[in-house]
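All figures in this text were calculated on a predicted structure; none of them were measured in a lab.
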Amino acid sequence: MKLCTIFSVIIAGVILSGCNRGGSKNEEKGIVIGASMLSLQSEFVVNVKDAMEDHAKEKSVKLIVNDAQRTSDKQVQQVETFISQKVDAIILNPCEVEASSPAIEKAKAAGIPVINVNSETAAAPDGFVGSRDEEAGEIAMEQIAKLLDGKGNVVMIEGYMGQAAQIKRSAGAKTVLDKYPGIKILAQQTAEWDRAKGMSLMENWIQSYGDKINAVFAHNDEMGMGALQALEQSKLKNKVKVVSIDAIADALQAVKDGRLDATVYQDAKGQGAGAIDMAIQLIKKEPVEKKEIFIPFQLVTKENVDGFLK
């Protein structure tokens, strides 16, 4: 079994253990789940959405997916619509920790179970399926420290400000940097999870800092690939290490080709399928062994990338 499917299998086993589902798939017919996703312009979020749709189809569940377009107000409105439609459960891929919290509160007040997938909110949902984002920041920065032999200047391209992944990936990276006084953060700024914005930001930093930059830590592969393109066009990539997060398809290929120095694998399939399973269990009032499921991240380098490529 390829490495990239291991945790998908584990997550299914963890969620299903201790729960006597019984009967056939047809028992779930009639169930309707609403899902509000952060942004369907993000490849990783699309991968989570695709996994949710595939698993919902397997379970004969109707899934309604809306794109919040990185806007917490829109996300809250989408949840209000789901409530008026009387869906059986809501899956939320939050835009922001604080600003998306009213969506959780409204769903719970309406008696509709709500599951956060991939990202967190200040308000507590009924369940969560995702990964510990601080772990991703720690893994990425440890790899950068290794590549730099503990000395150098790093620029950090952050995700959408106020989202859990942005907050925790930054915190995890800075925890690691406390152990490496020879590594400094030269600059950090958001590119809002966007490839074109990541490229533009990197171009600006190249103009401002030039050969002072030794490494780039991007909070996701979209921004990392944008930064990589800017470095390659400036003929600086051979002097700068780039590490990002998510292990989307073209980032994995870039690692294999020796262009991207590393990425950190996040299990989109496990998260999406796990959220659907948990939603069904909560709808049917079945016992849920764990209402918070965290799937570990994994470092991907040229040495092990073949195990993650499809």
Side-chain angles (χ1 to χ4, degrees), residues 15 28-42 44-53 55-56 59 61-133 159-168 190 192-193 268 271-294:
I15 291 176
E28 277 81 41
K29 282 188 175 178
I31 288 177
V32 179
I33 299 172
S36 175
M37 308 300 289
L38 164 68
S39 171
L40 296 183
Q41 296 301 308
S42 163
F44 181 80
V45 174
V46 171
N47 290 343
V48 175
K49 184 266 297 182
D50 289 347
M52 288 167 52
E53 289 179 337
H55 204 57
K59 297 295 181 181
V61 166
K62 181 178 180 181
L63 179 67
I64 304 169
V65 177
N66 286 339
D67 182 358
Q69 299 175 337
R70 298 192 179 101
T71 306
S72 54
D73 288 346
K74 185 184 292 289
Q75 189 158 64
V76 173
Q77 291 168 5
Q78 289 173 352
V79 168
E80 289 173 339
T81 299
F82 289 146
I83 293 168
S84 67
Q85 292 172 335
K86 300 186 186 302
V87 299
D88 298 295
I90 295 170
I91 295 174
L92 193 72
N93 175 219
C95 292
E96 295 185 47
V97 172
E98 297 291 344
S100 292
S101 287
I104 300 287
E105 294 161 352
K106 289 174 183 289
K108 294 179 77 170
I112 298 174
V114 56
I115 299 93
N116 281 1
V117 64
N118 178 253
S119 193
E120 300 168 55
T121 48
D126 296 288
F128 174 83
V129 182
S131 300
R132 298 185 189 277
D133 282 299
Y160 190 79
M161 301 303 288
Q163 200 204 12
Q166 174 268 322
I167 295 167
K168 294 192 172 186
T190 182
E192 299 181 345
W193 306 118
Q271 291 183 17
I276 293 293
D277 278 336
M278 189 177 287
I280 292 171
Q281 287 178 262
L282 290 171
I283 291 165
K284 298 173 72 175
K285 302 189 185 303
E286 294 179 343
V288 179
E289 183 179 1
K290 291 185 179 181
K291 291 192 176 181
E292 288 188 322
I293 304 296
F294 293 97

### Message
When you compare the side chains of S131 and Q271, does any donor N or O come within less than 3.5 Å of an acceptor on the partner?
### Response
yes
### Task
Begin from the C-alpha positions of I167 and M161 and carry the test side chain to side chain contact (heavy atoms under 4.5 Å, CB included) through to its verdict.
CA-CA 7 Å; I167 295 167; M161 301 303 288; over 6 Å; no
### Query
Tell me, do Q78 and T81 make a side-chain contact under 4.5 Å, heavy atoms counted?
no
### Task
Specify the closest pair of heavy atoms between S100 and L92, including all atoms of both residues, with the distance to one decimal.
O-CD2, 4.2 Å
### Nearest atoms (heavy-atom pairs only) where E96 meets S72
OE2-OG, 3.6 Å
### Task
Kindly compute the distance separating CD1 (I91) from CD1 (I33), expressed to the nearest 0.5 Å.
5.0 Å
#### Entry: Q166-W193 side chain donor-acceptor pair, cut-off 3.5 Å
no
### Salt-bridge contact E80-K106 (side-chain N to carboxylate O under 4.0 Å)
yes
### Query
Which atom names give the shortest non-hydrogen contact between A164 and V97, and what distance separates them?
N-CG2, 3.4 Å
### Under 3.5 Å donor-acceptor, S101 side chain and A123 backbone
yes
### Query
Side chain of S42, backbone of L38: donor and acceptor closer than 3.5 Å?
no
### Message
Assess the residue pair I64 and Q85 against the criterion (side chain to side chain contact (heavy atoms under 4.5 Å, CB included)); give the C-alpha distance rounded to whole Å, side-chain angles, the decisive distance to 0.1 Å, and a yes or no.
### Response
CA-CA 11 Å; I64 304 169; Q85 292 172 335; 4.2 Å; yes
#### Entry: Exam field: side chain Q75 to backbone C95, donor-acceptor pair closer than 3.5 Å
yes
### Task
Before giving the answer on side chain to side chain donor-acceptor pair (under 3.5 Å), spell out for S39 and Q69 the whole-Å C-alpha distance, their side-chain angles and the decisive distance to 0.1 Å.
CA-CA 5 Å; S39 171; Q69 299 175 337; over 6 Å; no
### Task
Check the side chains of S36 and N93 for a donor-acceptor pair under 3.5 angstrom, ignoring hydrogens and angles.
no
### Query
Can you tell me how far CG of D88 sits from CD1 of I283, rounded to the nearest 0.5 angstrom?
5.0 Å
### Message
Would you compute the distance between atom CE of M278 and atom CG of N116 and round it to the nearest 0.5 angstrom?
### Response
10.5 Å
### Query
What's the shortest heavy-atom distance between G111 and P113, and which atoms?
O-CD, 3.7 Å
#### Entry: salt bridge (charged side-chain N to carboxylate O under 4.0 Å, His left out) contacts touching residues 111-132 (sequence neighbours left out)
E120-K168
### Which atom of M52 lies closest to which atom of A35, heavy atoms considered
CE-CB, 3.5 Å
### Backbone N/O of G159 and side chain of T190: donor-acceptor pair under 3.5 Å
yes
### Query
Atom OH in Y160, atom OG1 in T71: separation rounded to 0.5 Å?
6.0 Å
### Query
Is the side chain of E53 donor-acceptor paired with the backbone N or O of L63 at a distance under 3.5 Å, no angle test?
no
### Query
Just how far is it from atom CG of D67 to atom CE of M37, taken to the nearest 0.5 Å?
9.0 Å
### Query
What closest approach, in Å, do N118 and D133 show between heavy atoms, and which atom pair accounts for it?
O-OD2, 4.0 Å
## Note on the structure
CD1 (I115) and CZ (F128) are apart, to the nearest 0.5 Å, by 12.0 Å
### Task
Please report the C-alpha distance between V32 and F82 in whole Å, then the side-chain angles of each, then the deciding distance to 0.1 Å, and finally whether the side chain to side chain contact (heavy atoms under 4.5 Å, CB included) criterion is met.
CA-CA 10 Å; V32 179; F82 289 146; over 6 Å; no
